[in-house]
Asker: 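Encoded as structure tokens, here's the structure I'll be asking about.
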Amino acid sequence: MSNRSHQVRIFALGDVLGRLGRRVVREHALQLRSQLGADLFVVNGENLAGGFGLTEKIFTETRLDWNVDVLNTGNHWHDKREITQFAPEFDHLLLPANMYNVESLSRGWCVVRKPKCGPVAFVNLLGRVFMKGDNACPFRAFDKIYCELQAEGVKCVVVDFHAETTSEKQAFAYHVAGRASLVYGTHTHCPTADERILEDFTGFQSDIGMTGGYDSVIGMRVETSLPGFLGERRKPFEPSMKEPWLCGLVVDIEMETGRCLAIERIQKRWSTLD
Ligand SMILES: [Fe+2]
Ligand SMILES: [Fe+2]
């Protein structure tokens, strides 16, 4: 990556899952953020607490120990109901802007203003294909938010698009190409190898993957996931503690224009952290 005056470097992690995912962040991602010289650190936190939702204790860790600039969420945002108590206090904790059950807890986007970087907007949206609930159109939701950001003079716009299908993610990316600086997918817990820059402006990757145990079915122990597919009695899901991987993205954005200059997929794998 190139000379970085007038640029902002963003380090993004997708869904960080459970205790093992949090450990990978503490023991590897924070150091990596420094090595990369990232100006802003954004994480998806919908699976931080045992794979389902977010507790206040873990949210405090992301805030004070990880120093995340933005914590996105997704369809699992309210699996731990205590989030409804603390979410309204923090502008940088985003709940998907178009989600049916969020109501007035969050506006789904924020603008981070750090002295060195200038304003950078972060938007959290939910796809509708194969997703539960009567969610509003994410394409139109983005258009509305983008108008507000333009009125505020914000050029750098980063979207965490939390969705199931690659087709909806790619369609969304083309819808916002030339406007958003970066769009990346979360939710599937599987990284895709298709990072690129659309219309010489918008960085894109269909899904940036999970940080957590990959000896699993999307993060959950195989023994607890397989019975459901075999039509056998389901077992309670348990997060995997094996094969920790770190999956993320580092992106450079030109501050004056909001144009993505470089995008690089990050993947680190360990067989164990012990
Ligand atoms: Fe997730
Ligand atoms: Fe999700």
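Every number for a ligand or one of its atoms is a count from 1 in the order of the listing. Every heavy atom of this structure was used, including side-chain atoms; hydrogens, water molecules and symmetry mates were not. From a predicted model like this one, the values you see are computed outputs, not experimental measurements.
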Asker: Could you grab the angle centred on the Fe ion (ligand 2), going from NE2 in His162 to OD1 in Asn75, to 10°?
Answerer: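 Taking the Fe ion (ligand 2) as the apex, the two atoms subtend 90°.
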Asker: Run the side-chain contact (heavy atoms from CB on, under 4.5 Å) test on Val159 and Phe142 for me, step by step, so that the C-alpha distance in whole Å, both residues' side-chain angles and the decisive distance to 0.1 Å come before the verdict.
Answerer: CA-CA 9 Å; Val159 184; Phe142 176 85; 3.8 Å; yes
Asker: Hey, what's the angle at the Fe ion (ligand 1) spanning OD1 (Asn47) and OD2 (Asp15), nearest 10 degrees?
Answerer: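 Angle OD1(Asn47)-the Fe ion (ligand 1)-OD2(Asp15): 90°, rounded to 10°.
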Asker: Between Arg221 and Asp215, does any side-chain N to carboxylate O distance fall below 4.0 Å?
Answerer: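 So Arg221 does not pair with Asp215 through a salt bridge.
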Asker: Give me the one residue out of Asp200, Ile197, Asp252 that meets side-chain contact (heavy atoms from CB on, under 4.5 Å) with Cys260.
Answerer: Ile197
Asker: Are a donor atom and an acceptor atom from the side chains of His175 and Asp143 found within less than 3.5 Å of each other?
Answerer: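 Yes, Asp143 and His175 have a side-chain donor paired with an acceptor closer than 3.5 Å.
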Asker: Which atom, counting only N, O or S, brings His187 closest to the Fe ion (ligand 2)?
Answerer: ND1
Asker: Indicate yes or no: does Asp91 engage Arg107 in a salt bridge with an N to O separation below 4.0 Å.
Answerer: no
Asker: Does His76 bring an N, O or S atom to under 2.8 Å of the Fe ion (ligand 1)?
Answerer: no
Asker: For Glu46, what is the atom name of its N, O or S atom nearest to the Fe ion (ligand 2)?
Answerer: OE2
